[in-house]
Amino acid sequence: MYACKFYIKIPRKNKNYFITSRRLTQVRWSRYNAQYLEPEVNRELLQKSWDELSEEEKAEQELKAVRPIKAAPSNVTSSVFSDPMISKFTNMMMRDGNKVLARSLMAQTLEAIKRKQLEKYHQAPEHEKDKIECNPYVIFHEALKNCQPVIGLCSITRGGKTYQVPVPLTDNRKRFLAMKWLITECRENKHRRTLMPEKLSQELLQAFHNEGAIIKKKHVLHKMAESNRAYAHFRWW
Amino acid sequence: MREGARPVLGGPRGNMAAGRPSPVPPSPALPRRPHVLVPRPSRPSSRSAALRLIYTTSVVQRKNVAAAGPEKYTEAFIKKQIEEFNLGKRHLGNMMGEDPETFTQEDIDKAIAYLFPSGLFDQRARPMMKHPTEIFPEKRKIQWGEDGRPFHFLFYTGKQSYYSLMHETYGMLLNVQEYQDQMSAQDFTPEKEKKNLPGSRWLTKMELEEMLLEKLSDHDYSRFIQLLQKMVALPYGTNEEKYMQKFSKEIAAQLQKVVIDPLQYDERGVAFSTAEGRRKTARATVVVYDNGSGKITVNGVDVLHYFPVLQDREQLLFPFQFLDRLEKHDMICTVSGGGRSAQAGAIRLASAKALRSFVTEKEVEFMRQAGLLTVDPRLRERKKPGQEGARRKFTWKKR
């Protein structure tokens, strides 16, 4: 880390730089130099013809032709089965670097969701069959979206007292909180003999229908933020 | 007054001020005996101070070597070096039995390497014979005249080339703005002509320093680049295209830098292509055959046995799936070193490189933009002393 006197953190593409009043100071270093751009694995985007692109995309394409590109990470493929959100969730579930176990748990969870939904589907009467969602990926995304809080709390100390100030959250932060709550809920509040996939699938299905412990946690957070509305002016960013 | 009566402190500096060619710059180790003229303390009766010649040693008249600044070479010195070099080149040509007329720099390098073999690792420390312009870095000539007055009006800023460059560029900017005002007064709409920004880049700080023969700070450099960018962004900025071309360089497209091997054919007439790949410590060699059925063999063993983990097999199939050639090729790989994931990554890179020979240029560019053709440079970060791991610190204990 480099020390700098005073700094403004500007969220731009190069997140590793703090801009001081005078010069750029490197905070975290990477094996790639600053010229390298992120890879684009999605095949459909690459096969768009030149005329369909907007102005920004054209400029981006021109830049990509000239700059070197980083290597694709090893958990990413161009197949339809690789989903960035599922990969992120698997990584968060992983313990001690045991990716094999985490991935198998995730696969079992999705299988469990599918089985439960299929059971419901076969037992439901004809006119209700359309409403039952059987795709586990859709259920996962929907459940995660329902779990995301809209506003969060931040501790700010003023005059010796620490206040909980309501603060808007970025997309990344929302997704992270939703996933974190899901995982901690499934690890702690379950019977000793239930396995993780089973508990996770239960929680995901509940969250999909806007019920369950995690949705409750989200509502509690929203209520706290609403009650602390008076301190909102403490926020300076 | 005689010329010699003028007080002169040191030999070389006095010579340079007069513009006369100086001798080879003297090393500080050798004791010199400069002529020093010192006004003798006059007797109270005589009014004019009588100047007498006094010889002293360099011990008393030691020049502050550090304060003098970097060594400056005169033009005459460089010329002499060039003459000596050309003469020496012809002698060397004669010695080696070659024709002195057609003795190129490469021949010189080979001859020197033969005559003075050196085992030193640093190439710059080995004996070399190159044209003096390559050896003596281009230094600034003396910036002041005989009377001591500097030539340039910005000399006393300390960074005269930089400030004069900024001054000139700002003048251009004002011209462009004036032109723009004139045009808008006549109600002409400016045409937006965009300069091909990705295809060219501004000079780097090092290149600008070389151009100006002056040291720059990061701040100075960034200010100059900001000024250029401002000028380009203006509607009629392209008026000063010629001036700005001095400070920009073309970048060739990344694709053109790599040479793709042509396909080879084996005894059966089947096309194949070989390539190598690496990731961390793993090294892989891959042969991709055409007219195949999607069979992959790794180190003589089927892929399902060698890579039981799904993620590794996905990585192996990634280049084929990306190009829609999943069941059209056979692959035989040999891999060693690294771990499970590193070996998979190495084979992935090797197979992507091998597939370049089968595929059009546009698809190669797509592969490059997907990150399949870049060597992954990430390595395990070392553990640091005073910490438990690479990043993890020891538990903080209050006492």
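Quick note on labels: first sequence line is chain A, next is B, and so on, each numbered from 1.
In this structure, OG1 on A/Thr109 lies 12.0 Å from CD on A/Glu203, to the nearest 0.5 angstrom. Remark: A/Arg187 CZ to A/Leu200 CG distance equals 9.5 Å, nearest 0.5 Å.
Looking at B/Glu314, the atoms closer than 4.5 Å to chain A (heavy atoms on both sides) sit in the backbone and in the side chain alike. Contacts between A/Arg67 and chain B at a heavy-atom distance below 4.5 Å involve the backbone alone (N, CA, C, O). Only the side chain of A/Val100 has a heavy atom closer than 4.5 Å to any heavy atom of chain B. With a 4.5 angstrom heavy-atom cutoff, A/Phe81 does not touch chain B via any of its atoms.
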So A/Lys190 and A/Glu185, salt bridge (Lys or Arg N to Asp or Glu O under 4.0 Å) or not? Walk me through it. CA-CA 8 Å; A/Lys190 64 178 172 77; A/Glu185 169 68 35; over 6 Å; no
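No donor-acceptor contact under 3.5 angstrom links the side chains of A/Ser79 and B/Gln321, judged on distance only. Judged by distance alone, the side chains of A/Asn91 and A/Lys99 do bring a donor and an acceptor atom under 3.5 Å apart. A donor and an acceptor atom, one from each side chain of A/Asn98 and A/Arg95, are nowhere located under 3.5 Å apart. There is a side-chain donor-acceptor pair under 3.5 Å between B/Gln369 and B/Glu365.
Within a 6.0 Å radius of CZ in B/Arg278, no more than 12 heavy atoms belonging to other residues, nucleotides or ligands are found.
Against chain A, the residues from residues 323-351 of chain B that qualify, each with a non-hydrogen atom under 4.5 angstrom away, are B/Asp324, B/Arg340, B/Ser341, B/Arg348 in number order.
Comparing A/Ser74, A/Ser82, A/Pro39 by how many heavy-atom pairs each has under 4.5 Å with chain B, the most go to A/Ser74.
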